[in-house]
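Report on one structure; see the data block that follows.
The first residue of the sequence shown is numbered 1, and numbering continues consecutively from there.
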Amino acid sequence: MNRIMSSQRSDLIEQKLSQHTSFFGIKLWILITASASIAFLLAFIVFVSLCFIFHRRRCRQEPFRLRSKLCLPLSRIPLNNDRRHNPYNRCPEYIESGRISSQVGWSYAHLPYYTRSFSSTTSSFGSFTVFTFMEIESVTDGFADENLIAKGDSSMVYRGVLMGTVNVAVKRFFPIYQRYDDNDFITRAEMIANVRHKNVVRLLGYSIEGDERALVYEYVEKGDLHEWIHGSSGRNQPLAWSKRMKIIQGVAKGLAYFHEDLEPRITHQYVRPSKILLDYHWNPKIILAIPSHNDSPMNSTFVPSPNNLDEKIDIHCFGTLIMELVSGRVCVDQSSPHVYLVDWIKEMVVNHMIVDVLDPSLPEFPTLKELKRIVLIALRCVDPEIEQRPKMGDVIHMLQPHDLLLNSNAIRKPQKVTRSREVSRISIIGT
C-alpha cells in the first residue's frame, strides 16, 4: 500500500514539474534549475566583490611591500666614469650623467594605479608618492651594483622597477651632502613633482627616513644628450639634423613652460646636454633636481619664483646648447685653440665661414638658409646685452620654419658642402 502511494506521489510531482508555465511556456523544472543557477552566480559575484573591496582597503591602510628581485640588468646601459675629467662638465654629479626615463609603452596615465599601491600624499602642489626606504631598497634590488647608472660627488643613481613593470631611476643622496632640512627637502620635491610637461623628466616620488633621502624619477631609455653629442653613442650613431632640431624645439618648449606657464615660475639655471635626457622617440626631457650641499648657485638645477635675470641665464644656456648641437663641440674645451664655443662661432660668422661650424659627423647637412637661421637664433640667445636676449616664447616662434625651403625635403647630402680655409660655401641644386 505504501509503495502504491509513494509511486502516485512521484508521478504527481513529475507531472507538475513537467507542466508548462506561463513564463514563455517553459517547463517548471527548467525554470527552477535556471533560477537556482542564477542565484548561485549572483552570490558568487557578491562574495568576490566583497573580497576585492576588503583587499583594496587593506592595501590603502598598509604600505605595499614590493617583492625582491624585481630589477633588470643594465647590460645595455654603458657607464661613463670619466665625465668629471671633462672640462665641459662643471657639475659631474648625479643625474646630469644620468639616463633616467620611462619604459617603452609606459605613460603617465598608468601612474595613479601605482601611487594607490603605496602611501601616497596630496599637497597644494599636486599628487606624489612617499616611499619608505625599505620600498626604495626593494625597487633597486638592495641598491645592487648591476643597477648602478651613475655616480657623482653627492649621490648615486640606480635603475629600479616598480611593480615588476615600470622602470624608474632612483637618486640616493650621500648623508654627508644633505643641504636642506626635512621640510625644505619635501617642499622642493613637491615643487618638482608638480611640473608636468612632456619635455620635463617627471618626479614620481621621494623617500626621507633619518639620514636617507632619495628621489624617484621616470626612466628615460636613450640616456643623456651629452652622450649623443660628445660620447660614444654619438660617434657610433650621429644624430641627424632633423633629430637635433626636434631636440632644440623640445627644450625650448620645456623652458618656456618654466618661465611663462608654471605657477610658481621657476628657472633651471644650468641647462646643459648632461641635464637633458632623450626618450625612445627622441623627445628631449629636462632634468629638475634638488641641489646638493656642494652645488654652487650657478650649478643649481632650478630656482623658484625667478626674476628676469634668472630667465636670461636660462636663455643664454639654451643658445649655447644650440651651438653644441649644431657644431658637435663642447662649450668649453681647454685643449682647443678656441676655448669657448660661443666666441668661436661668432668669429666664424664674422668671417663668412658659417658652414664650417657644422658638425662633420652629420649624416645630412641642412640648407644654408636654415643653418643661418638656427645659428642667428643661438647668437641672439647669447647676446652680451642681457635685455636684448629674447624670451623663450619668442624663441619658439623663431624656431618655426617660415619658408617652404626649410622643410625636410631641403636637407642636402654632405657632399653638397665644400669647405676651405678662406671661403666656405654651400651648393644647393635646384634652389
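Side-chain contact check for Y217 versus V168: every heavy-atom pair is 4.5 Å or farther apart. Contact of the D279 side chain with the K222 side chain is not registered, since no non-hydrogen atoms from C-beta on lie closer than 4.5 Å. Considering only heavy atoms from C-beta on, D314 comes within 4.5 Å of V271 through its side chain. Contact of the N199 side chain with the V251 side chain is not registered, since no non-hydrogen atoms from C-beta on lie closer than 4.5 Å. Using a 4.5 Å heavy-atom threshold, the side chains of L321 and L225 count as touching. Looking only at side-chain heavy atoms (C-beta outward), V161 and V139 stay at 4.5 Å or farther from each other. Contact check for F258 versus V195: side-chain heavy atoms found under the 4.5 Å cut-off.
Side-chain contact check for E370 and W241: at least one donor-acceptor pair (N or O, by modelled atom type) lies under 3.5 Å.
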* Under the side-chain hydrogen bond (donor to acceptor under 3.5 Å, both in side chains) rule, what do S232 and E227 come out as? Steps first, then yes or no, please. => CA-CA 6 Å; S232 58; E227 184 68 20; 2.8 Å; yes
* Test salt bridge (charged side-chain N to carboxylate O under 4.0 Å, His left out) on E260 and K391 and set out the steps. => CA-CA 9 Å; E260 302 171 10; K391 294 184 177 180; over 6 Å; no
* To do: Check the pair F143, F133 against ring-ring contact (aromatic ring centres under 6.0 Å, His included), reporting the backbone distance first and the verdict last.
  => CA-CA 11 Å; F143 301 106; F133 188 70; 5.8 Å; yes
* To do: Evaluate the side-chain hydrogen bond (donor to acceptor under 3.5 Å, both in side chains) criterion for residues H230 and E324: first the C-alpha distance (whole Å), next the side-chain angles of each, then the deciding distance (0.1 Å), finally the verdict.
  => CA-CA 9 Å; H230 311 300; E324 291 195 49; 2.8 Å; yes
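R389 CZ to D383 CG: the interatomic distance, rounded to the nearest 0.5 Å, is 7.0 Å. A distance of 15.0 Å separates CG of L288 from OH of Y270, quoted to the nearest 0.5 Å. Between the CD1 atom of I287 and the OG atom of S274 there is a distance of 7.5 Å, given to the nearest 0.5 Å. Residue D394 holds its CG atom at 11.0 Å from CD1 of I377, rounded to the nearest 0.5 Å.
Between D359 and R244 there is a salt bridge, since a side-chain N of the basic residue sits under 4.0 Å from a carboxylate O of the acidic one.
Judged as a salt bridge (Lys or Arg N to Asp or Glu O under 4.0 Å), and not counting sequence neighbours, the contacts of R172 are E212.
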